[in-house]
Amino acid sequence: YLYNSEGVLVAANDDDGVSYDSYLTHTNTISGTDYYIAVTSYSGYGSLDSYYDMNVQCAGSGAGGVSGGTGAAAPDENTWTVMLYLNAEDAGFEQILTKYRTDIEAFIGSKSSFLNVVVLYDGPGNGDTVRYLVQPNGSYTLGSNKWNRGELNMGHPDTLANFVSWAMDQYPAENYYLAIDDHGDGVYGISVDSTSGNDILTATDVYSALKSATHNGDPNRKIDIFDYEACLMGLAENAYDVRNWVDYVVFFEQISWGLDTYPQYFKDLSANDSPIIVGQRIIDRYYDSAINAGGKGYPHTISLISTSQMAGVQQAVSNLATNLMSTTAQSQINSARDNSQAFANDLDATNPARAEYIDLWDLANNLNSLAPSQAAAVRNAVDAAVVAERHASGGAEGYLWDHSGVHGLSIYYPTSKSSNAFGGYPTLYQMSRDGSWDEFLNWVLPAGGRRGMPMSRSEDKLLSGDAFVFKYVYLPAILKK
């Protein structure tokens with residue numbers, strides 16, 4: 001709570017019990033006045049022995065942008081800041097993640113009036129974390145547009161929050177794009193840092209980092225497009241949880257191949273391009289690259305989600321779950337699951353028996369006979385949330401990946417309670433807290449004995465030669481008598 005010198009409350013903010021970081025702003029118009037801050041415990045268990053960290057940021061001006069806070073003027077119209085959080089702790093990613101920057105260097109000069117691209121890059125060694133303001137032709141000056149950052153933990157939320165906050169403070173823009181690029185595996189997280197004890201950004205970490213960096217979703221700092229550039233991140237839960245900090249989400253229900261993504265996404269960006277136009281372009285550009293990769297193409301999925309529609313998805317899913325729990329049809333429900341489009345962290349990547357993630361629209365469609373109106377509501381909600389979606393089936397690693405049931409949003413639905421993520425799922429996501437899907441899983445899933453999924457298959461992010469795309473071709477049938 002913030003009080004003025006007369007004891008009048010002028011601002012207040014409560015954290016949400018997920019990230020412990022209340023954030024409030026107040027614009028002072030009276031010089032030489034005093035203010036007082038009162039802090040109380042969220043849980044009710046604070047005491048005189050408890051302590052709190054408090055940061056006070058004052059809006060300022062200057063060539064480097066404001067030092068913090070939200071008191072600065074709105075950024076210039078038709079400007080973009082692209083933020084790339086590139087984790088190359090896996091040495092196999094080093095070449096392609098570095099190439100993203102060098103390819104952008106080739107065209108950034110022609111767009112410098114409206115585009116800044118900033119990069120936080122962490123290589124596979126120790127002490128090799130570097131921050132860049134990408135420069136034409138790779139001409140850098142240490143301390144001016146390139147900063148050595150020692151060894152940062154790319155799996156820690158503070159690293160992500162500090163990078164995004166720095167980028168927004170120093171290079172404010174009307175439109176923001178953020179990508180996290182590394183290994184990923186849905187409910188298990190994204191961006192593994194092997195030099196920091198294999199720390200990883202969990203869903204809660206991403207939530208709290210973006211909440212902090214955007215100052216609770218301040219309109220001048222809200223992220224227009226957030227790209228989970230990693231495998232298996234295309235969960236409804238992930239899109240729902242960032243809805244207050246992000247307008248559109250790009251992610252993959254299946255694999256994220258190591259294509260020349262960001263240079264292709266932004267090479268012909270115009271100052272007046274809207275976020276939805278850019279988002280749709282990303283979907284189309286990725287599809288074109290994947291379908292032509294390696295001379296044979298790569299099986300893939302990619303989707304653009306409007307987070308403004310995710311509350312409707314959450315409510316529809318919760319209603320469906322509640323209705324199903326009023327039945328005794330567990331076996332029929334799990335059978336519907338086993339016949340739905342599946343995504344597995346496994347070489348047999350679309351085998352439902354190996355999967356922890358199921359396409360939400362396809363699942364609802366297969367549950368239609370058990371709960372017709374609720375299943376239809378889920379399908380309609382997914383259709384409203386998925387702005388753009390592209391996919392292709394094909395072969396990879398000697399397996400056939402059939403993506404014919406892809407619709408753009410998946411949901412956590414393992415085969416049994418022995419999934420490694422099952423125990424923590426009820427508190428992992430806001431979508432779990434706000435709805436009844438976690439209660440449904442507890443009700444419907446058998447105890448089981450299957451293994452949890454490792455993150456090894458996400459290494460297929462790297463391009464390989466063993467992939468081909470197929471399309472269904474329908475030929476006329478001629479009956480000869």
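Basis for what follows: all heavy atoms, side chains included, without hydrogens, waters or symmetry-related copies.
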Output yes when a side-chain donor or acceptor of [X] lies under 3.5 Å from a complementary backbone atom of [Y], and no otherwise.
{"X": "Thr98", "Y": "Gln95", "answer": "no"}
{"X": "Gln135", "Y": "Leu133", "answer": "yes"}
{"X": "Asp224", "Y": "Pro275", "answer": "no"}
{"X": "Ser436", "Y": "Ala321", "answer": "no"}
{"X": "Tyr412", "Y": "Phe422", "answer": "yes"}
{"X": "Ser110", "Y": "Phe107", "answer": "yes"}
{"X": "Asp241", "Y": "Met431", "answer": "yes"}
{"X": "Ser318", "Y": "Gly435", "answer": "no"}
{"X": "Tyr262", "Y": "Ala179", "answer": "no"}
{"X": "Glu174", "Y": "Pro75", "answer": "no"}

Requested in this report: Would you please test Tyr132 and Trp147 for ring pair (Phe, Tyr, Trp, His ring centres under 6.0 Å) and show each step?
Outcome: CA-CA 6 Å; Tyr132 297 90; Trp147 301 266; 8.7 Å; no
**Request:** Walk me through it: do Asn345 and Asp185 pass the test side chain to side chain donor-acceptor pair (under 3.5 Å)?
**Result:** CA-CA 7 Å; Asn345 185 344; Asp185 186 356; 2.6 Å; yes
*Hey, does Glu89 have a side-chain heavy atom less than 4.5 Å from the side chain of Val192?*
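Heavy-atom side-chain distance check fails, nothing below 4.5 Å.
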* To do: Answer yes when Arg281 and Asp273 have at least one side-chain N-carboxylate O distance shorter than 4.0 Å, and no when they do not.
  =>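 Yes, this pair counts.
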Exercise. Is Arg337 paired with Asp359 through a side-chain N to carboxylate O contact shorter than 4.0 Å?
Worked result: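 No, no charged N to carboxylate O under 4.0 Å.
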Show, in sequence, the C-alpha distance, side-chain angles and deciding distance for Asp434 and Tyr240, and conclude whether the side chain to side chain donor-acceptor pair (under 3.5 Å) test is met.
CA-CA 10 Å; Asp434 294 345; Tyr240 178 84; 2.7 Å; yes
Decide side-chain contact (heavy atoms from CB on, under 4.5 Å) for Tyr429 and Tyr207; before the verdict, give the C-alpha distance in whole Å, the side-chain angles of both, and the deciding distance to 0.1 Å. CA-CA 9 Å; Tyr429 287 106; Tyr207 172 96; over 6 Å; no
Given salt bridge (charged side-chain N to carboxylate O under 4.0 Å, His left out), test Lys267 with Asp260 step by step and report yes or no. CA-CA 11 Å; Lys267 65 181 181 181; Asp260 191 26; over 6 Å; no
**OP:** Can you see which heavy atom on Glu94 is nearest to which on Pro124, and at what distance?
**Re:**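 What the structure gives for the nearest pair is OE1-CG, 3.6 Å.
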Between [X] and [Y], what is the ring plane arrangement, given parallel below 30°, perpendicular above 60°, and tilted in between?
{"X": "Tyr413", "Y": "Trp437", "result": "perpendicular"}
{"X": "Phe266", "Y": "Tyr177", "result": "perpendicular"}
{"X": "Trp401", "Y": "His403", "result": "tilted"}

What side chain to side chain donor-acceptor pair (under 3.5 Å) pairs are there with at least one residue in residues 370-386, not counting sequence neighbours?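 Checked against side chain to side chain donor-acceptor pair (under 3.5 Å) - neighbours excluded - the pairs reaching residues 370-386 are Trp361-Asp383, Asn368-Arg379.
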Thr129 and its side-chain contact (heavy atoms from CB on, under 4.5 Å) partner, picked from Asn148, Leu120, Asn153: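 The option that passes is Leu120.
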